[in-house]
Amino acid sequence: MMSYSPSEYIFSEGDVPTYYYQIISGEVKLNNYSEDGKEFIQNILSAGQSCGESILFIGKPYPMNAEVITECRVLRLPKPQFFDLLNQTPQLFLEISTFLSQGLYYKFIMMQNISSQNPATRIRGLMDYLKSLHGRSDAPYSFLIPFTRKQVASLTGLCVETAIRTIKGMERDKIVKIKDRKILY
DNA sequence: TCATTAAAGTTAT
DNA sequence: ATAACTTTAATGA
């Protein structure tokens with residue numbers, strides 16, 4: 001079991017994977033920084049999720065960082081033990097497969113969103129996905145976006161200012177509601 | 001139209 | 001207090 005503080009890295013771009021990581025508590029983001037320092041967030045993960053496992057399977061260097069957002073406890077299992085466990089536990093194998101597929105699905109959805117030129121479409125795509133994960137309540141304004149505007153911007157490849165302006169426009173169009181700076185969708 | 005820069009207000013640590 | 005985030009506005013590609 002490992003502990004990490006905000007802004008620490010569980011692994012970095014270019015590292016060769018040697019462990020399986022499972023988040024017990026806290027939040028982690030998978031990200032990249034471009035030469036000019038701009039961050040693109042690939043995904044934000046929290047308790048119960050694993051990070052970087054897809055790369056562990058193919059044994060290539062990580063193409064992204066796993067940067068800690070909030071104080072984290074992480075279960076760390078060496079690669080050989082992880083694969084042993086996987087062999088011995090069909091149930092675990094199935095769970096990992098499901099989680100892997102979920103990650104693929106997210107990538108697929110976001111890939112389509114990002115290729116859209118329109119910022120509102122991108123942000124709405126992200127919000128639709130997030131809300132779809134969260135139970136059945138399709139009711140409008142029933143889902144609180146669990147991210148900061150900066151994070152939303154980094155997840156959709158927009159600058160913060162554009163994200164903010166777009167979200168305000170969506171409020172005018174009654175797509176979202178803003179309460180105490182929190183975004184309800 | 002959106003990104004960038006700058007400046008100022010607000011929240012969290 | 002200080003850093004991180006939010007917001008507005010001006011400017012440029």
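What you see below is based on every heavy atom in this structure, not just the backbone, and it leaves out hydrogens, waters and symmetry mates. All chains are named by letter (A, B, ...) in the order of the sequence lines, taking the proteins before the strands, and each is independently numbered beginning at 1. Small disclaimer: the values here were computed from a predicted structure and weren't measured.
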Report yes if at least one side-chain N or O of R165(A) is closer than 4.0 Å to OP1 or OP2 of dT8(C); otherwise report no. no
Begin from the C-alpha positions of R76(A) and Y21(A) and carry the test side-chain hydrogen bond (donor to acceptor under 3.5 Å, both in side chains) through to its verdict. CA-CA 5 Å; R76(A) 194 179 78 167; Y21(A) 299 98; 5.2 Å; no
Under 3.5 Å donor-acceptor pairs involving side-chain atoms of residues 173-185 of chain A, not counting sequence neighbours:
from    : atom 1 : to      : atom 2 : distance (Å)
Y185(A) : OH     : R124(A) : NE     : 3.1
Y185(A) : OH     : D128(A) : OD1    : 2.6

Give me the residues of residues 23-47 of chain A where at least one heavy atom lies under 4.0 Å from an atom of DNA chain B, by number, or none. K38(A)
Which pairs of donor and acceptor atoms, one on a side chain in residues 77-86 of chain A, lie under 3.5 Å apart (sequence neighbours left out)?
none

I'd like the 5' and 3' limits of the part of DNA chain B contacted by chain A, with heavy-atom contacts below 4.0 Å. dC2(B) to dT11(B)
Under a 3.5 Å threshold, yes or no: a donor from one side chain and an acceptor from the other, between Q42(A) and K107(A)? yes
Going by number, which of residues 167-185 of chain A have a non-hydrogen atom under 4.0 Å from DNA chain B? R181(A)
Under 3.5 Å, is there a donor-acceptor pair between the Y33(A) and E67(A) side chains? yes
Could you walk me through whether T156(A) and N113(A) pass the side chain to side chain contact (heavy atoms under 4.5 Å, CB included) check? CA-CA 8 Å; T156(A) 50; N113(A) 286 342; over 6 Å; no
Contacts table for residues 48-56 of chain A: side-chain donor-acceptor under 3.5 angstrom, sequence neighbours left out:
from   : atom 1 : to     : atom 2 : distance (Å)
Q49(A) : OE1    : S46(A) : N      : 2.9
S50(A) : OG     : E53(A) : OE1    : 2.8

A120(A) or E161(A): which one's nearest nucleotide on DNA chain B is closer to the 5' end? A120(A)
